[in-house]
Number of protein chains: 2
Amino acid sequence: MAQRNILQFIILGLVTDQPRTGYELTKAFDNDIGEFWSAQHSQIYPQLKTLEAKGWLTHTEEITGEKLNRKRYAATKSGKAALNDWLTAASEPVSGAKDEFVLKLYFIHDQTDARLKPMLTTQLIWHEQRRDHLRKQLATKFPNGADALDFGHFLILEHALHREEEYCQWLQAALAQLPGGMTN
Amino acid sequence: MAQRNILQFIILGLVTDQPRTGYELTKAFDNDIGEFWSAQHSQIYPQLKTLEAKGWLTHTEEITGEKLNRKRYAATKSGKAALNDWLTAASEPVSGAKDEFVLKLYFIHDQTDARLKPMLTTQLIWHEQRRDHLRKQLATKFPNGADALDFGHFLILEHALHREEEYCQWLQAALAQLPGGMTN
DNA sequence: TTAAAACATGTAATTAATAACATGTATAAA
DNA sequence: TTTATACATGTTATTAATTACATGTTTTAA
């Protein structure tokens with residue numbers, strides 16, 4: 001397979017925390033969970049049907065306004081059990097993300113290659129923005145440091161920030177090693 | 001699409017460095033390039049045909065022993081141009097790898113959750129191994145630090161090592177924050 | 001009041017990637 | 001000499017994911 005259908009467990013996890021509609025699940029990927037996973041609604045709605053057929057979810061219908069119907073999904077007992085099985089199963093660690101930029105560098109052999117500087121600079125700007133964004137996220141969501149009641153979320157935000165900090169430092173150091181060095 | 005067919009450029013990059021057979025390309029993913037990308041031969045052989053049809057590759061046939069035939073692929077002029085186009089094009093930066101373990105943490109809210117310690121410990125062991133492996137790689141391949149003639153490769157190995165170092169530090173800090181703390 | 005933006009839910013077409021199926025040759029070690 | 005391992009190249013089936021297609025409602029702001 002292309003992947004091991006991890007999306008099903010994300011959905012299961014989200015609706016276990018609180019029952020949600022397909023639309024709300026889609027929105028979750030624009031916020032929190034989007035920091036480290038992505039999914040479109042065209043993947044979510046079919047998956048909800050599959051999970052309900054599996055008996056891991058049920059839905060109730062709600063009317064908004066005159067006739068707009070939405071389905072709110074909740075995890076069943078077996079769905080919660082499946083979530084726990086996944087959480088406690090061994091996670092194959094990632095060997096190194098598929099980072100297109102890093103891959104490109106592999107094919108640039110010469111330290112004096114003129115393409116290096118613009119490539120590194122563009123990436124640095126982006127990762128500095130993301131680093132700053134994550135710092136704000138962390139300061140907003142966890143102003144008092146680790147939250148014992150949302151510990152996992154705190155941990156992964158910290159991790160994401162550290163990664164971006166490393167990325168920026170690495171790119172800065174690489175730029176400094178270019179011909180002309182730090183005066184460039 | 002599931003991805004933007006980056007594999008074609010990896011193949012293009014590898015055969016530009018030196019002409020290679022499908023088998024050799026497959027092996028490349030077990031070594032160097034496997035540190036940050038993966039591909040199976042079942043993906044590589046069809047891709048070679050596609051790239052040749054595009055006019056980006058040509059192949060010559062070689063006989064080993066009595067009759068074992070292998071095809072050695074090289075980049076054409078237009079293939080090299082396509083490679084350069086890709087290298088110089090803007091790379092959409094990765095927002096955060098799809099790390100299944102990190103994702104699981106998101107669904108563990110309680111700092112006292114008994115599942116945390118074994119999860120974090122298992123990951124720590126793995127990432128320490130990988131960190132040590134990368135240290136050896138770097139010491140073996142670049143015993144004198146940055147190599148001006150294989151600069152990109154040096155950079156990405158350094159980056160990979162820093163990432164693993166961060167991963168280990170993060171996991172250790174997380175374990176230390178668990179109830180019982182460092183005496184656990 | 002009207003138009004834009006957000007809410008809401010689907011399906012279809014395409015592609016990349018993995019796992020499994022399939023076959024055969026050459027070499028090195030027991 | 002025989003057997004295991006490495007060399008060598010393909011195809012098929014399946015799945016996950018993205019993009020685009022498709023439709024309609026509700027709310028908010030101009």
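Chain identifiers are assigned alphabetically (A, B, ...) following the order of the sequence lines, protein sequences preceding nucleic acid strands; residue numbering begins at 1 within each chain.
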Could you check how far CG of B:Leu48 sits from P of D:dG10, rounded to whole Å?
8 Å
Looking only at D:dA17, C:dA17, C:dC7, the nucleotide nearest the A:Leu7 side chain is D:dA17
Do A:Tyr106 and B:Phe36 have ring centroids that are under 6.0 Å from one another?
yes
With a 6.0 Å cut-off on the ring centroids, do B:Tyr167 and A:His162 count as close?
no
With B:Glu164, which of B:Arg131, B:His159, B:Arg130 fulfils side chain to side chain donor-acceptor pair (under 3.5 Å)?
B:Arg130
Are any of A:Lys67's side-chain N or O atoms less than 4.0 Å away from OP1 or OP2 of D:dT26?
no
Expressed in angstrom and rounded to an integer, what is the separation of A:Gln43 atom CD from D:dA20 atom C1'?
15 Å
Under a 4.0 Å threshold between the charged nitrogen and the carboxylate oxygen, would B:Asp150 count as salt-bridged to B:Lys141?
no
With the side chain of B:Tyr23 defined as its heavy atoms from C-beta on, choose the nearest nucleotide among D:dC7, D:dT11, C:dT18.
D:dC7
Return the value, rounded to whole Å, for the distance between atom CD of A:Glu52 and atom C1' of C:dT9.
14 Å
Mind checking A:Ser42 for me? I need base, sugar-phosphate or nothing, with any heavy atom below 4.0 Å counting as a touch.
base
Rounded distance in Å - CD (A:Glu62) to P (C:dT9)
9 Å
Answer with base, sugar-phosphate or nothing: what part of the nucleic acid does B:Gln40 contact at a heavy-atom distance below 4.0 Å?
sugar-phosphate
Among D:dT27, C:dC21, C:dA26, the one nearest B:His41 by side-chain distance:
C:dC21
Under 4.0 Å between a side-chain N/O of B:Lys71 and OP1 or OP2 of D:dC7, yes or no?
no
Considering non-hydrogen atoms only, spot the tightest contact between A:Trp37 and A:Phe29 and give its length.
O-CD2, 3.8 Å
Can you identify which nucleotide, out of D:dG10, C:dA17, C:dT9, has its nearest atom closest to the A:Lys98 side chain?
C:dA17
Choosing from C:dG10, D:dG10, C:dA26, which nucleotide comes nearest the side chain of B:Glu66?
C:dA26
Length of the line joining B:Ile44:CD1 and C:dA17:P, which is rounded to integer Å
11 Å
Which residue lies toward the 5' end of DNA chain D, B:Pro46 or A:Gln8, if each is placed at its nearest nucleotide?
B:Pro46
Taking the minimum atom-to-atom distance to the side chain of B:Ser38, which one of C:dT18, C:dA26, D:dT27 wins?
C:dT18
